[in-house]
Amino acid sequence: MRDGNIILSVAKAMELLQILSRAGRPLSLKELTDLCGYPKSTVFGLLTTMRLHDVVTQTPEGKYTLGLRLFEYGRQVERSWDISRVARPYMEHLCRQTGASVMLSVCEGGSVITLDQVETRGGLRVVSDTGSRLPIYCTSQGKVFLAHMSRSGAEALLRGQSLTQFTPHTITDIPSLLREAEACRANGYAIENGEYKIGLRSISAPVRTVEGKVRYAVGVIGMFRSVHSDEFHSAVEQVCATAAMISAALGYQSNPTG
């Protein structure tokens, strides 16, 4: 049975998997039938077929739950993911949009590591080499990671390292840095205004995994005239949109009503 290009029996099977996933506990045939609204015979036939492929299993009480094969599939998908490969097309598009260099970063300990970068053609080289470590407290990508730690965790991390004054604009006061982190969490992005290198400004936003964890940051860095300029505000919107698209590509589903 088909509805356009959609195979209805497969769609119904996917719906049953979603119901089992959301329930978080084994469900009886009657419960599944009530929740999906399909005839009992249809639901039983779908469950029997899915059991043959180990995507659904039955408890000793006869209730249905997700099968171990789904875990195996998930692990295989996880192994096949390469964050740089996933993010690269979005980073290249962001570079073209903003005319600024783009970096993808991860946090390790008290540092930020550049995983990948896209540089503007013919422009001044402003992005650190891939694999290089940057300070967490005076870069926009670092502030993203600070913002998504617990306050106590962020404070302990900052107190455990030397806060070098790289430029006259570098913030080394821990309470001020924690306020910056709170602002980043509220706004959904972080900025760096000449705090690491004079003349350079950057914007970064969080990239979330399928579990909703902030594991990466994507951002732009360049010689923006001012953080109050129209081009900077436009770049903020584009960075946030890019971070959201990469997160979605990694399987993250935002919950606007949550």
Side-chain angles (χ1 to χ4, degrees), residues 10 14 17-18 21 53-55 66-123 125-136 139-149 153 157 184-185 188-190 192 196 202-222 235-255:
V10 175
M14 295 300 103
L17 290 177
Q18 289 176 356
S21 177
H53 294 275
D54 296 324
V55 294
L66 298 178
L68 190 60
R69 185 60 58 85
L70 292 174
F71 174 75
E72 295 173 0
Y73 290 158
R75 294 294 296 169
Q76 183 60 41
V77 170
E78 185 179 46
R79 286 193 293 270
S80 69
W81 273 345
D82 177 337
I83 179 61
S84 296
R85 178 179 58 79
V86 171
R88 188 79 184 187
Y90 301 101
M91 294 170 64
E92 291 173 347
H93 181 65
L94 179 61
C95 182
R96 290 192 296 270
Q97 278 185 312
T98 61
S101 296
V102 181
M103 66 274 185
L104 178 71
S105 308
V106 68
C107 181
E108 184 177 288
S111 302
V112 175
I113 299 176
T114 304
L115 291 178
D116 198 7
Q117 56 182 291
V118 178
E119 294 189 53
T120 55
R121 293 182 179 178
R125 190 173 191 278
V126 296
V127 180
S128 299
D129 291 333
T130 299
S132 61
R133 290 178 176 267
L134 301 173
I136 198 170
T139 56
S140 62
Q141 57 270 48
K143 292 178 187 179
V144 166
F145 295 119
L146 284 173
H148 291 88
M149 298 177 188
L157 187 151
C184 168
R185 188 163 52 249
Y189 63 89
E192 180 252 315
Y196 183 50
S202 68
I203 309 145
S204 293
V207 173
R208 297 179 183 273
T209 63
V210 64
E211 301 90 357
K213 296 179 180 178
V214 176
R215 188 167 295 171
Y216 311 101
V218 66
V220 297
I221 183 168
V236 166
E237 294 178 1
Q238 291 158 350
V239 167
C240 290
T242 299
M245 287 188 286
I246 297 174
S247 298
L250 292 175
Y252 174 67
Q253 295 182 339
S254 61
N255 181 12

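Positions are given from 1, in the same order as the sequence printed here.
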*Hey, mind stepping through Ile136 and Met149 against side-chain contact (heavy atoms from CB on, under 4.5 Å) and telling me if it holds?*
CA-CA 12 Å; Ile136 198 170; Met149 298 177 188; 4.0 Å; yes
*For the pair Val55 and Tyr73, evaluate side-chain contact (heavy atoms from CB on, under 4.5 Å) and give the outcome as yes or no after the intermediate values.*
CA-CA 10 Å; Val55 294; Tyr73 290 158; 4.1 Å; yes
*asked:* Apply side-chain contact (heavy atoms from CB on, under 4.5 Å) to residues Val207 and Thr242 and explain how you reach the verdict.
replied: CA-CA 9 Å; Val207 173; Thr242 299; over 6 Å; no
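Between Ser204 and Met103, some side-chain heavy-atom pair lies under the 4.5 Å cut-off. Looking only at side-chain heavy atoms (C-beta outward), Pro206 and Arg215 stay at 4.5 Å or farther from each other. When side chains are defined from C-beta on, Leu250 does not count as touching Val210, because their heavy atoms never get closer than 4.5 Å. Contact check for Cys184 versus Val144: side-chain heavy atoms found under the 4.5 Å cut-off. Taking the side chain as every heavy atom from C-beta outward, Tyr216 and Ile246 never approach each other to under 4.5 Å. Residues Val102 and Val239 fail the side-chain proximity criterion, which asks for heavy atoms closer than 4.5 Å. Residues His53 and Arg69 fail the side-chain proximity criterion, which asks for heavy atoms closer than 4.5 Å. Put simply, the side chain of Ile83 reaches to within 4.5 Å of the side chain of Leu104, judged on heavy atoms.
A pairwise comparison of heavy atoms in Ala205 and Gly188 identifies CB-O, 3.8 Å as the closest pair. Residue Phe145 comes nearest to Ser105 through the heavy atom pair CZ-O, 3.6 Å, listed as atom of the first residue, atom of the second, then distance. The minimum heavy-atom distance between Ser101 and Glu119, with the atom names listed, is OG-CA, 3.6 Å.
With sequence neighbours left out, the side-chain hydrogen bond (donor to acceptor under 3.5 Å, both in side chains) criterion links Thr139 to no other residue. Annotation: side-chain hydrogen bond (donor to acceptor under 3.5 Å, both in side chains) contacts of Ser21 (sequence neighbours excluded): none. Legend: residues meeting side-chain contact (heavy atoms from CB on, under 4.5 Å) with Ile113, ordered by chain and number and at least two apart, are Val106, Glu108, Arg133. With sequence neighbours left out, the side-chain contact (heavy atoms from CB on, under 4.5 Å) criterion links Arg208 to His148, Val214, Ser247, Tyr252. Here Glu237 pairs with nothing under the salt bridge (Lys or Arg N to Asp or Glu O under 4.0 Å) rule; sequence neighbours left out.
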Atom pairs and distances, donor-acceptor, side-chain atoms in residues 87-98, under 3.5 Å, two or more places apart:
residue	atom	partner	partner atom	Å
Arg88	NE	Glu92	OE2	3.3
Arg88	NH1	Asp116	OD1	2.8
Arg88	NH1	Asp116	OD2	3.1
Arg88	NH1	Gln117	O	2.9
Thr98	OG1	Leu94	O	2.9
Thr98	OG1	Ala100	N	3.2

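Here OG1 of Thr114 is found 6.5 Å from CD of Gln141. Values are rounded to the nearest 0.5 Å. Here CG of Leu157 is found 8.5 Å from OG of Ser111. Values are rounded to the nearest 0.5 Å.
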